[in-house]
Amino acid sequence: MRCHGNGVNNNDFRRRDVAIATRKQEGGKMSAKKKDKVEENDESSKEEAEDEEERSSSSSSSSASSPRANPEDPVVQNIPESVDDFLRNFLRRLGLTRTLSRFELEWHGLARGGGGGGMFVPDALTHRQTLLEQLEAVRGDAEQLRKQVLESAQSLLRMQRESDYHRQQHRRLSEQKHVLIRDCKQLQEQLQDSEAALKRLRDKHEAALRTKTLLGLQKERAQRLPEPEPEPEPEKPSRKPPPSSPSKAPEPCGLPAAPEKSSFQLFCSFRAHQLPISGIAPHPARPLLASASDDRTWRLWDLPRSGEKVARMLLIGEGHSDWLSGCSFHPEGSRLATTSGDKTVRLWDFSAGRCVLLLAGHSQPTWGSSFHSGGHVLASCSADGTSRLWDASCGCCRLILRRHGASVNSVAFLPCSDLLLTSSADKTVVVWDGRLGVSTTTFRGHLHPCNHAAFSPTSNAVASCDSRGTVHLWDTRKPAAPTGIVDAGPHAANQVAFNQSGKLLAVASGDCLVRLVEAESCGVSTLTGHRRSVQSVTFDLQGGTLMSAGSDGLINVWL
């Protein structure tokens, strides 16, 4: 047993010597910490060296027969430094110096690759440190999750509170909505009742105004009845009041009679229609004015009087299916004729407040109309190139005047005469005999389509205008050439009108101006007040008031 133990010890000593030699050769490869530990065991190594020299012979033989490290033994690889230090400190504390030396020899031998591979030495400290780090990371994650959970809980609580608040607000707003809906229904019911009451009041007001107007007309008609004569001519009443009774002549527009003048100033302006106004006509006896518009209606206005600036609407007529092109009063002032784009002429009775006669026969839109001074014949003109004479009592067509080669744009009777004046897009102006239906005079000279023509009330003068703005003055006794030419272009001249003296001519121009032309000298002055094209102009019976209407829907009164 001893010999066997010595043999083992010799092998151990030989391994130690080999390890020491190897360690000395590697020199700097050993750590300073390991060198210190080897020096501490030098004394024990010397004693073992002496014993080893005494047994050199036996050791040589035993060394030859000593087995090498088993290649199948596991080799420690990649063991952390903490394991080495732990084992050395453990053996040093117990005083196992020889075991420490042998551990170092075998440890470093294995580290040099002297044994097999893959021996795993568990490192509890490292594993514990790793677990602690993981535990710390998990704790940090848990803490973060806890904070997030707390924040989520707070957010959830806040959202619940907001949800409760909004639910209460929604409930309150729903109640308010129901209250408002109920109030709105009540207001709508009140509005309907108010509209019905307002309509009744408006109807009563219009009926009262109509009655008042009719009473005034009947009173004036009764006052103007002529005394019986040997041969009365009821069909030719004069529109001009007798000079022997100036006190019975009505005042134009409610203003005192004005002397002859050639300059006017804007007295008032009011909106009569929302759409363009195509024509206006003054009442033959009262300060009333009728207007026709593109809104398919006509309206009767009580013009402003002295000290007033606002006109009052008395009547409104609806029945045409298209725009209105013009209107004209019956000589007695109790009826109104209107022309329209629906190809018809309608006759309206103020006392009935409706259309009493529909004249249909034209194949194109009708542009204008004019009553004979007797009131029993109505003339109309149309874009179909014809003019028609209608029986104002029964509505039958008496005559068809065919002379123009294009649209007939205006028609007008000469006061107290059977002569009829028409203007056409064929650039001519024609005077007709209304009894025979034949043309007596033709005026040629316009280079562009004629838009309108008018007789002078007191002379043989005729004025016409065309689409280029040129105004011609003619003498019916000398139709070969115009007696005067006024250039109001380049915009169109839409309508012309003489005052009662025949010395002043008003021109409605397409450039928003109203031009005043002296019939004798052809001097021109302008009136500004419209914002769009002026479509119609007319004078009152005395000539002291001028009315104009245009595409801006305004009616201007000039004094």
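Just so it is clear, the values below take in all heavy atoms, side chains as well, and ignore hydrogens, waters and symmetry mates.
- Looking only at side-chain heavy atoms (C-beta outward), Asp295 and Gln274 stay at 4.5 Å or farther from each other.
- Minimum heavy-atom separation, Ser521 to Glu518: OG-CB, 3.2 Å.
- Side chains of His376 and Asp391: no donor on one and acceptor on the other come within 3.5 Å.
- At most 12 non-hydrogen atoms from other residues, nucleotides or ligands lie less than 6.0 angstrom from CD of Glu520.
- Annotation for Arg435: atom CZ does not count as buried by contact number, only 12 or fewer foreign heavy atoms lying within 6.0 Å.
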Inset, instruction - Show your working on side chain to side chain contact (heavy atoms under 4.5 Å, CB included) between Leu421 and Leu414 and close with a plain yes or no. - result: CA-CA 7 Å; Leu421 180 67; Leu414 177 66; over 6 Å; no

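- Ionic pairing of Asp552 and Arg532 is not present here: no N-O contact between side-chain nitrogen and carboxylate oxygen is shorter than 4.0 angstrom.
- Relative ring orientation between Phe350 and Trp298 is described as tilted, the plane-to-plane angle lying within the 30° to 60° band.
- Listed here is the closest heavy atom pair of Gly375 and His330: O-NE2, 2.9 Å.
- Atom-to-atom distance recorded for Gln495:CD and Ile280:CD1 is 7.5 Å, nearest 0.5 angstrom.
- By the 4.0 Å N-to-carboxylate-O rule, Lys478 lies too far from Asp475 to be salt-bridged with it.
- Listed for the Ser467 side chain is no donor-acceptor partner under 3.5 Å among the backbone atoms of His448.
- The aromatic rings of Trp301 and Phe270 sit tilted, their planes meeting at an angle between 30° and 60°.
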Legend entry - Residues Arg444, Lys427; criterion side chain to side chain contact (heavy atoms under 4.5 Å, CB included); working and verdict: CA-CA 7 Å; Arg444 307 178 187 274; Lys427 308 174 187 178; over 6 Å; no

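- The nearest pair of heavy atoms linking Pro365 to Lys343 is N-CG, 4.0 Å.
- Considering CZ of Arg182 and CG of Leu180, their distance stands at 9.0 Å, rounded to 0.5 Å.
- Under the 4.5 Å side-chain criterion, counting only non-hydrogen atoms from C-beta, Ser551 is in contact with Ser533.
- Judged by distance alone, the side chains of His404 and Thr422 do bring a donor and an acceptor atom under 3.5 Å apart.
- A donor-acceptor pair is defined here as one N or O able to donate and one able to accept, closer than 3.5 Å; no such pair exists between the side chain of Asp349 and the backbone of Gly353.
- Of the possible polar contacts, one joining the Thr483 side chain to the Leu473 backbone as a donor-acceptor pair under 3.5 Å is found.
- The pair Asp466-Arg468 does not count as a salt bridge, with every side-chain nitrogen at least 4.0 angstrom from each carboxylate oxygen.
- No donor-acceptor distance shorter than 3.5 angstrom exists from the side chain of Thr538 to the backbone of Ala281, with no hydrogens or angles considered.
- Counting only heavy atoms from C-beta outward, the side chains of Gln169 and Arg172 approach each other to under 4.5 Å.
- Taking every heavy atom of both residues into account, Ser548 and Val534 meet most closely at CB-CG1, 4.3 Å.
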Inset, instruction - Could you check Asn494 against His452 for side-chain hydrogen bond (donor to acceptor under 3.5 Å, both in side chains), going step by step and ending with a plain yes or no? - result: CA-CA 7 Å; Asn494 298 315; His452 194 263; over 6 Å; no

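- Within 6.0 Å of CZ in Arg398 there are more than 12 heavy atoms belonging to other residues, nucleotides or ligands.
- In this structure, the side chains of Pro276 and Trp323 stay at 4.5 Å or more apart for every pair of heavy atoms.
- Panel note: side chain Ser340, backbone Asp322; a donor-acceptor pair is recorded below 3.5 Å.
- To the nearest 0.5 Å, the span separating OG on Ser380 from CH2 on Trp367 amounts to 13.5 Å.
- Between Val537 and Ala506 the shortest heavy-atom distance is CG2-O, 3.7 Å.
- Side-chain atoms of Asp540 come within 3.5 Å of backbone atoms of Gly544 as a donor-acceptor pair (strictly under, hydrogens ignored).
- A 4.5 Å side-chain heavy-atom check between Val430 and Thr441 finds every atom pair outside the cut-off.
- Of the inter-residue distances, the one linking Thr339 atom OG1 with Leu324 atom CG reads 6.5 Å to the nearest 0.5 angstrom.
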Legend entry - Working for side-chain hydrogen bond (donor to acceptor under 3.5 Å, both in side chains), residues Ser269 and Asn556: CA-CA 4 Å; Ser269 178; Asn556 290 348; 2.6 Å; yes

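- The backbone N or O of Leu559 sits nowhere less than 3.5 Å from a side-chain atom of Thr545 that would complete a donor-acceptor pair.
- Note that the CZ atom of Arg271 and the CG atom of Leu554 stand 4.5 Å from one another [nearest 0.5 Å].
- Of the candidates Leu266, Thr526, Val507, Leu527, Val514 forms a side chain to side chain contact (heavy atoms under 4.5 Å, CB included) with just one, namely Leu527.
- Remark: side-chain polar atoms of His320 are not paired, donor with acceptor, to backbone N or O of Arg296 under 3.5 angstrom.
- Using a 4.5 Å heavy-atom cutoff, the side chains of Thr470 and Ile485 are in contact.
- Residue pairs meeting the ring-ring contact (aromatic ring centres under 6.0 Å, His included) criterion with at least one partner in residues 470-509, sequence neighbours excluded, are Phe443-Trp474, His446-His472, His472-Trp474.
- Between Arg515 and Ser509, the shortest heavy-atom distance links the atoms NH1-OG, 2.8 Å.
- In this structure, Phe413 CZ and Ser369 OG are separated by 11.0 Å, a value rounded to the nearest 0.5 Å.
- In this structure, Arg299 contributes its side chain and Ala272 its backbone to a donor-acceptor pair below 3.5 Å.
- Annotation: side chain of Trp432 is not in contact with side chain of Leu389 (no heavy-atom distance under 4.5 Å).
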Inset, instruction - Show your reasoning for whether salt bridge (Lys or Arg N to Asp or Glu O under 4.0 Å) applies to Asp164 and Arg161. - result: CA-CA 5 Å; Asp164 295 338; Arg161 292 177 180 175; over 6 Å; no

Legend entry - From CA spacing to verdict: side chain to side chain contact (heavy atoms under 4.5 Å, CB included), Gln168, Arg171: CA-CA 5 Å; Gln168 294 177 359; Arg171 188 179 300 108; 4.0 Å; yes

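- Within the 3.5 Å criterion, the main-chain N or O of Ala453 finds a donor-acceptor partner in the side chain of Ser410.
- At a threshold of 4.5 Å between non-hydrogen side-chain atoms, the residues Ser291 and Ile555 count as touching.
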Inset, instruction - Show the numbers, then the answer: is there a side chain to side chain contact (heavy atoms under 4.5 Å, CB included) between Leu504 and Leu516? - result: CA-CA 7 Å; Leu504 189 63; Leu516 299 177; 4.2 Å; yes

